[in-house]
Amino acid sequence: MILSEDPLFVIRKPHADITEEDVVRAFTKLPASQKAVFALLRDNAFDEFRSMEYAFAENSFNMAGEDAGGHQLDGPRGLFVLQSRFNHSCAPNSKIPIGSTGAASLQCFATKAIETGQEITFCYQSDLQCMTREERHRELRFTCSCEVCQLEPTLQRLSDMRRRLIRGLQYLQHGKDLNGKKQEASERPLITDRRLRIAAETCNIPLSSRLIYSLLSIVLIEQEGLLDSFLAERLSPGVMAAASMFQNEYNARVATLAMAQGTWLRRLCVAFHLYGQSDTVDLALAEALRYRENILETVWGT
């Protein structure tokens, strides 16, 4: 662990609903010493913030937990003075696990070996791992100068292709894009095959394909240098569960053999033997996933 920090104050509203009045109200309740700390916050280290609400927005973190699908909820936000000083990187060496933000404090962990004097960085948004450099800069609203964003042109194209493919594979598994919505008309659609897109959006992707998509996503994430122990711990149970669901003897045998391999790449190579294979469980799985999506839409409105 690098840092465990309590918030200066918390506003128990989703990010989009927080107003200047909310921040002023929370600020006035602080003791003088903490008001002085808040007053020291600067925009990009030098400029004063144009409003207290903007200062809060740029230095706060989501403190909500996760929904039933494992996605972070948009809930209360806390102002963290120390953690907000860490800069962004698209290939960070630290991480704030999603699960940790459901607690009263915020915890940051190293995900790589950090040398003495090396800057500690983290990724501002987990969705950025599925975006190209241009998309990331547009989302961040600044030009990132991390090592991934300064690759030479050939390697940059390769990185962009991997991240775009990760996003497409996630769409095939969940039937939704990063914004939680179905794909709309675009000059650069994620899924160009209409039948495949509809199968994803109606939860009709067969189990064999789901397993392959999951493993391929993990391999690509690993190749991008983003597969830290926290992410691997989050993704592994879902992959293992999918591999254990096959009912046809051949499929089950291949899936078991794939999961017995020592690396994600070797698991993927073995799992490719399932490509195009149907399974007895496919229909029941599709029905269960559609039921789950209906429940999530009813409860969370997503």
Side-chain angles (χ1 to χ4, degrees), residues 62 69-72 86-98 109 111-112 119 121-193 196-197 200-201 205 209-236 238-239 242 263-269 271-272:
N62 190 345
H71 303 291
Q72 189 170 25
F86 293 0
N87 285 325
H88 165 82
S89 172
C90 300
N93 55 23
S94 74
K95 188 171 196 174
I96 303 170
I98 288 180
F109 296 83
T111 56
K112 300 176 183 177
E119 182 181 13
T121 60
F122 75 107
C123 185
Y124 285 178
Q125 297 176 226
S126 59
D127 286 346
L128 296 178
Q129 71 177 19
C130 303
M131 297 183 186
T132 65
R133 180 173 62 176
E134 180 182 345
E135 291 169 340
R136 295 196 301 272
H137 292 181
R138 188 162 56 244
E139 183 72 16
L140 289 166
R141 292 176 295 167
F142 63 81
T143 300
C144 177
S145 58
C146 72
E147 58 184 292
V148 177
C149 290
Q150 292 185 326
L151 293 171
E152 60 97 357
T154 300
L155 293 179
Q156 187 63 65
R157 286 194 295 272
L158 180 60
S159 175
D160 285 349
M161 287 173 62
R162 277 196 293 255
R163 293 185 184 232
R164 182 77 174 173
L165 184 52
I166 292 169
R167 183 172 176 179
L169 289 167
Q170 290 192 2
Y171 193 97
L172 291 178
Q173 295 174 74
H174 304 295
K176 298 176 182 177
D177 201 358
L178 300 177
N179 59 5
K181 298 180 180 180
K182 295 180 180 179
Q183 177 178 294
E184 299 178 352
S186 169
E187 294 181 358
R188 294 186 62 205
L190 276 175
I191 310 300
T192 57
D193 186 317
L196 185 60
R197 176 178 59 80
E201 294 172 352
I205 298 294
S209 295
R210 289 184 179 277
L211 179 60
I212 292 171
Y213 296 158
S214 296
L215 290 170
L216 180 54
S217 293
I218 294 174
V219 168
L220 292 170
I221 291 171
E222 187 174 43
Q223 290 178 347
E224 277 292 287
L226 300 173
L227 188 63
D228 56 67
S229 59
F230 296 101
L231 185 55
E233 185 178 345
R234 284 175 56 82
L235 296 177
S236 293
V239 177
T263 67
W264 290 108
L265 180 58
R266 293 181 65 179
R267 290 168 186 161
L268 173 63
C269 290
F272 268 130

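If you're wondering where the values come from, they're calculated on a predicted model, not measured in any experiment.
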side-chain contact (heavy atoms from CB on, under 4.5 Å) between T192 and R197, worked out: CA-CA 8 Å; T192 57; R197 176 178 59 80; over 6 Å; no
Close side-chain approach of E224 and Q129, heavy atoms under 4.5 Å: no
Donor-acceptor pair between Q170 and Y213 side chains, under 3.5 angstrom: no
Donor-acceptor pair between Q150 and S145 side chains, under 3.5 angstrom: no
Shortest non-hydrogen contact between P92 and C123, atoms and distance: CB-N, 3.7 Å
Q183 versus P189, closest heavy-atom pair with distance: NE2-CB, 3.4 Å
Check: L231 and K95 side chains under 4.5 Å, non-hydrogen atoms: yes
Nearest-0.5 Å distance that lies between atom SG in C130 and atom CD in E135: 10.0 Å
Backbone N/O of N93 and side chain of T111: donor-acceptor pair under 3.5 Å: yes
Q125-E139 side chain donor-acceptor pair, cut-off 3.5 Å: yes
Pairwise side-chain contact, L151 with S159, heavy-atom cut-off 4.5 Å (strictly under): yes
Rounded distance [0.5 Å steps], CD in E134 versus CD in Q156: 11.0 Å
Over all atoms of both residues, closest heavy-atom pair of Q173 and S217: NE2-OG, 3.5 Å
Ion pair check, R167 and D177, cut-off under 4.0 Å: yes
Donor-acceptor contact present, side-chain T121 to main-chain H88, <3.5 Å: no
Minimum heavy-atom distance C90-L226, with the two atoms named: O-CD2, 3.5 Å
L128 backbone acceptor or donor facing R136 side chain under 3.5 Å: no
CG on L155 to CG on D160, rounded to 0.5 Å: 11.0 Å
Minimum heavy-atom distance R210-I205, with the two atoms named: NE-O, 3.1 Å
Distance (rounded to the nearest 0.5 Å) between K181 NZ and K176 NZ: 11.5 Å
Non-hydrogen atoms of L268 and I212 that approach each other most closely: CD1-O, 3.9 Å
Within 6.0 Å of CD in E119, more than 12 heavy atoms from elsewhere: yes
Side-chain heavy-atom pair F109, D228 within 4.5 angstrom cut-off: no
Value rounded to 0.5 Å, distance of CG in L220 from CG in L165: 5.0 Å
Pairwise distance CZ(R163) to CE(M131) - rounded to 0.5 angstrom: 10.5 Å
